[in-house]
Colleague: 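Sharing a structure with you now.
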Amino acid sequence: MKKNTLSKEAETRLIDFFNHIIDPEDMAKILRQVNCILALGVMRQHENLQIGLPNFEDNYYWLNELAEILNPYLSEE
């Protein structure tokens with residue numbers, strides 16, 4: 001797996017975003033809702049996901065991973 005690092009500017013902007021603009025838990029909730037809506041839309045449009053959507057599962061996974069980083073409620077017991 002390739003490891004990327006953020007620039008100091010990007011890191012600062014992300015910290016400012018989550019400290020002043022939106023609560024990380026709210027953002028995680030929004031990401032999960034959008035991911036679910038997009039997945040349902042894609043599934044309704046393409047009943048067989050092998051019709052040219054090779055990255056759909058990866059994209060769905062990574063968006064959920066981002067939500068988990070912001071609010072890790074799925075890993076709580």
Colleague: To the nearest 0.5 Å, what is the distance between CG on N59 and CG on N64?
Modeller: 11.5 Å

Colleague: List the steps, then state whether side chain to side chain contact (heavy atoms under 4.5 Å, CB included) holds for L31 with L66.
Modeller: CA-CA 8 Å; L31 287 171; L66 178 57; 3.8 Å; yes

Colleague: Decide yes or no on side chain to side chain contact (heavy atoms under 4.5 Å, CB included) for N71 and D26, but give the supporting numbers first.
Modeller: CA-CA 9 Å; N71 180 18; D26 291 339; over 6 Å; no

Colleague: With rounding to the nearest 0.5 angstrom, report the CD1 to CG distance, I30 to N35.
Modeller: 13.0 Å

Colleague: Below 4.5 Å, heavy atoms only, C-beta onward: do Y60 and L38 meet side chain to side chain?
Modeller: no

Colleague: Going through the distances and angles, do Y61 and E65 end up as a side chain to side chain contact (heavy atoms under 4.5 Å, CB included)?
Modeller: CA-CA 6 Å; Y61 172 81; E65 282 295 304; 3.5 Å; yes

Colleague: Taking side chain as C-beta onward, heavy atoms only, is R32 less than 4.5 Å from E68?
Modeller: yes

Colleague: Once rounded to the nearest 0.5 Å, what's the spacing between atom CG of L14 and atom CD1 of I21?
Modeller: 10.5 Å

Colleague: If you round to the nearest 0.5 Å, how far is NZ of K29 from CG of L70?
Modeller: 14.5 Å

Colleague: How close do A28 and A67 get, counting heavy atoms only, and between which atoms?
Modeller: CB-O, 3.4 Å

